[in-house]
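We're numbering straight along the sequence, starting at 1.
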Amino acid sequence: MSKNGVRMTVTVSDILVIGAGGAGLAAAYEAAKLGRHVVVLEKNPKPGGSTSWSVGSVTAADTPHQRVAGIRDNADAHFEDLALHAGELAPRDNLRLRRILVDNSSEMLQWLMDLGVVFVGPEEEPPHRVARMHNVVPNSTSFAYHLTRHCKALGVEIVVGTKSSNFIVVDGRVVGVEAVGPDGLKSSFLARHGVVLTSGDYSGAADLKRSLASESVVPVDPVNPTATGDGHRMALAIGARVLNGDIVRGPIMRFIPPSRRNLVQRLPPSRFVARMIAWSMGHLPQAVLRPFLMSFLTTALGPSPDLLRQGGILINKLGHRFTNELGKPAADVALQPEKVAWIVMDEAIASQFEQWPFFVSTAPGVAYAYLKDYQRNRPDIFHRASTLQGLADSMGVPSPELRESIDAYNNSTDRGGRPALGSGRYCALGPVKSYVVFTDGGLAVSEQLEVLGADDHPIPGLYAAGSAGQGGLLLEGHGHHLAWAFVSGRIAGRNAAQSPATISAFNPSE
């Protein structure tokens, strides 16, 4: 096949999947189970996508874990509770897709377990009326590990380092994409039955955040820097539209991740290891489990707002206090030099965060991390000194400016009832950065996960799932984004595989 005189290689399959995250791998698996030849394109060096960046919670109702715990639950109750999570945004929810999510979540969780994924829980998260949150062990890479293994066993071809650039449309039907490989050469990938778009969100796309959300989130970095909205752009170019594009989870402050992977991150996500961990969490005492849990809790979670409410102040790289900590400080952190800041406290404030009810960070249903846990597990972001000079040296900020900032804060009258910072030992945590965790704007889709164009008519040959195919569905609360990724990916893969082949007359050699 040639374009503008340049010869392009052409790969033809039955089903083409764009993106090898949780939704894409689920779609590929289901299509391959129906006997289709599936090719998956992934721009990153390995599968996983934003799924592997997640905490790893999957929220579902009527599950084996709930039954073991004596919890009676059903999809109708889950459907109602999702409206409570959505709050004032509930009128904007896509109720048809919400119904699909809750009706399929139980079977989806069992499917993941059958593939080798191991969960612990369930854990409570109000306003859910019962515990529904299931947490993967040992970590979220387990999803891609097991799905990739099973996909390859079914003959799925996963092509990494290959970025899709635009859809190929013939007679109004999407028949494939043009892509750029790791060698910089362009190629075409065609699909006889359908293309499934599972390219993730646009949390790392300045142009889409600006046009769909607001200018205020443009400078905020994404948790997943490769979530650049490629699929959204490709679909918009052929007449698709985005729903709920203004709903952005962020800016949210998190501690910067460690430069080296810790124990939990290094554990292999095999079923044997995961089952050992799950057994340990159910049988070993907390004193034995705590060091293991802390290596997870102190990795890259967000600082509790109580650190600022109780008197901590935010200091930037220049040693300046730059925001009202009781306002919306996360947005201001993103505007600072190198987009980082430190939470500075005196000893009286810091000592409160050694025990309940004040903690530094938490993961729902797992545990709470206190100041001593950060001192032990994250010495790279824990700073303590008997003088401001010593603290400034540890943080790497100029001492005179730090002292001036604290003096100005102590002398101000607008501290919101918070105490002045006293003399003596000081403590700081950081750097912290502000992130966009995810964007909720997804392409409009039908109940069959077909991408909708003008007048809500399906764009022939194109399906979408996961964040790309969120279709106006609201996914507030932990575990719903991953649940939708797997539920929608499976449905889109099956529907694409069952659609009739339509490009037999298209000659790839033209």
**Q.** Verdict with reasoning, Leu482 to Ser54, per side chain to side chain contact (heavy atoms under 4.5 Å, CB included)
**A.** CA-CA 9 Å; Leu482 279 186; Ser54 70; 3.6 Å; yes
Q.
Please evaluate residues Thr63 and His134 with respect to the criterion side-chain hydrogen bond (donor to acceptor under 3.5 Å, both in side chains), reporting the C-alpha separation (whole Å), side-chain torsions for both, the decisive distance (0.1 Å), and the verdict.
A. CA-CA 9 Å; Thr63 70; His134 302 71; 2.8 Å; yes
Q: Decide salt bridge (Lys or Arg N to Asp or Glu O under 4.0 Å) for Glu347 and Arg384; before the verdict, give the C-alpha distance in whole Å, the side-chain angles of both, and the deciding distance to 0.1 Å.
A: CA-CA 9 Å; Glu347 189 66 20; Arg384 178 173 268 159; 3.7 Å; yes
Q: Check the pair Arg210 / Asp207 against salt bridge (Lys or Arg N to Asp or Glu O under 4.0 Å), numbers first and verdict last.
A: CA-CA 5 Å; Arg210 178 178 290 110; Asp207 59 332; over 6 Å; no
Q.
Apply side-chain hydrogen bond (donor to acceptor under 3.5 Å, both in side chains) to residues Gln470 and Asp440 and explain how you reach the verdict.
A. CA-CA 7 Å; Gln470 197 163 321; Asp440 266 342; 2.8 Å; yes
Q: Apply side-chain hydrogen bond (donor to acceptor under 3.5 Å, both in side chains) to Lys43 and Thr228, showing your working.
A: CA-CA 11 Å; Lys43 70 178 182 180; Thr228 50; 2.6 Å; yes
Q: Applying side chain to side chain contact (heavy atoms under 4.5 Å, CB included), run through Leu475 and Leu101 and close with a yes or a no.
A: CA-CA 10 Å; Leu475 297 170; Leu101 171 62; 3.8 Å; yes
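By the neighbour-count criterion of 12 heavy atoms within 6.0 Å, atom CD of Glu354 is densely surrounded, having more than that number from other residues, nucleotides or ligands. Environment of CD in Gln110: crowded, with over 12 heavy atoms of neighbouring residues, nucleotides or ligands closer than 6.0 Å. Annotation for Arg403: atom CZ does not count as buried by contact number, only 12 or fewer foreign heavy atoms lying within 6.0 Å. Residue Arg249 qualifies as open at atom CZ: its count of foreign heavy atoms under 6.0 Å is 12 or below. No more than 12 heavy atoms of other residues, nucleotides or ligands shown are found within 6.0 angstrom of NZ on Lys163.
Looking at residues two or more places apart in sequence or on another chain, you find no side chain to side chain donor-acceptor pair (under 3.5 Å) involving Asp407. For the side chain to side chain contact (heavy atoms under 4.5 Å, CB included) test, residues two or more places apart in sequence or in another chain that qualify with Ser386 are Arg425. Residues meeting the side chain to side chain contact (heavy atoms under 4.5 Å, CB included) test with Pro182, sequence neighbours left out: Thr162. Legend: residues meeting ring pair (Phe, Tyr, Trp, His ring centres under 6.0 Å) with His320, ordered by chain and number and at least two apart, are absent. Contacts of Trp53 classified as ring pair (Phe, Tyr, Trp, His ring centres under 6.0 Å), with partners at least two apart in sequence or in another chain: none. For the side chain to side chain donor-acceptor pair (under 3.5 Å) test, no residue two or more places apart in sequence or in another chain qualifies with Asp346. Take Asn44 and apply the side chain to side chain contact (heavy atoms under 4.5 Å, CB included) test, not counting sequence neighbours, and it matches Glu42, Thr226. Here Ser106 pairs with Asp62 under the side chain to side chain contact (heavy atoms under 4.5 Å, CB included) rule; sequence neighbours left out. A search for ring pair (Phe, Tyr, Trp, His ring centres under 6.0 Å) contacts involving Phe322 returns nothing, not counting sequence neighbours.
Between the side chain of His146 and the backbone N or O of Gly116 there is at least one donor-acceptor pair closer than 3.5 Å. Checked by atom type and distance alone, the side chain of Thr439 never pairs as donor or acceptor with a backbone atom of Val248 at under 3.5 Å. Side chain of Ser304 to main chain of Asp306: a donor-acceptor pair is present (N/O by atom type, distance under 3.5 Å, no hydrogens or angles). Between the side chain of Lys433 and the main chain of Val340, no donor-acceptor pair closer than 3.5 Å is present. A distance-only check finds no donor-acceptor pair linking the side chain of Asn244 to the backbone of Ile247 [under 3.5 Å]. Side-chain N or O atoms of Ser405 include one that pairs as donor or acceptor with a backbone N or O of Glu401 at under 3.5 Å. With Ser52 contributing its side chain and Thr141 its backbone, the two residues share no donor-acceptor pair below 3.5 Å. Not a single donor-acceptor pair under 3.5 Å links the side chain of Lys372 to the backbone N or O of Gln355. Remark: the backbone N or O of Gly479 is not paired with any side-chain donor or acceptor of Ser57 at under 3.5 angstrom.
Residues His128 and Thr59 meet the side-chain proximity criterion, which asks for heavy atoms closer than 4.5 Å. The closest side-chain heavy-atom distance from Val58 to Phe143 is below 4.5 Å. Looking only at side-chain heavy atoms (C-beta outward), Arg132 and Val130 come within less than 4.5 Å of each other. When side chains are defined from C-beta on, Ile381 counts as touching Pro431, because their heavy atoms get closer than 4.5 Å. Within the 4.5 Å cutoff, side-chain heavy atoms of Ile343 are placed close to those of Pro303. The side-chain heavy atoms of Val436 and Pro251, taken from C-beta on, include no pair separated by under 4.5 Å. Put simply, the side chain of Arg67 does not reach to within 4.5 Å of the side chain of Ile71, judged on heavy atoms. Asn316 is not listed as a side-chain neighbour of Lys339, based on a closest heavy-atom distance of 4.5 Å or more.
Under the salt bridge (charged side-chain N to carboxylate O under 4.0 Å, His left out) criterion, no residue pair touches residues 468-479, with sequence neighbours excluded. Screening residues 384-436 for ring-ring contact (aromatic ring centres under 6.0 Å, His included) gives no qualifying pairs among residues at least two apart or on separate chains. Identified under the salt bridge (charged side-chain N to carboxylate O under 4.0 Å, His left out) test for residues 326-336, with sequence neighbours left out: none.
For the side-chain contact (heavy atoms from CB on, under 4.5 Å) test with Ser203, the passing option among Ser50, Pro225, Pro222 is Pro222; the others fail.
Using a 30° and 60° split on the angle between ring planes, Phe255 and Tyr374 fall in the tilted class, from 30° to 60°. Using a 30° and 60° split on the angle between ring planes, Tyr368 and Tyr370 fall in the tilted class, from 30° to 60°. Below 30°, between 30° and 60°, or above 60°: for His85 and His480 the angle between ring planes is above 60°, a perpendicular geometry. Ring orientation note: the planes of His232 and Tyr202 are nearly perpendicular, at an angle over 60° on the 30°/60° scale. The aromatic rings of Trp342 and His383 stand perpendicular to each other, their planes meeting at an angle above 60°, with 30° marking the opposite boundary.
To the nearest 0.5 Å, atoms CG (Leu25) and OG1 (Thr198) are separated by 7.5 Å. Note that CZ of Arg149 is 8.0 Å distant from CG of Leu115, once rounded to the nearest 0.5 Å.
Figure legend: Arg98 and Phe79 shown as a cation-pi pair, the cationic atom lying under 6.0 angstrom from the six-membered ring centre and within 45 degrees of its axis.
Electrostatic pairing of Glu80 and Arg129 counts as a salt bridge here, judged by a charged N lying under 4.0 Å from a carboxylate O.
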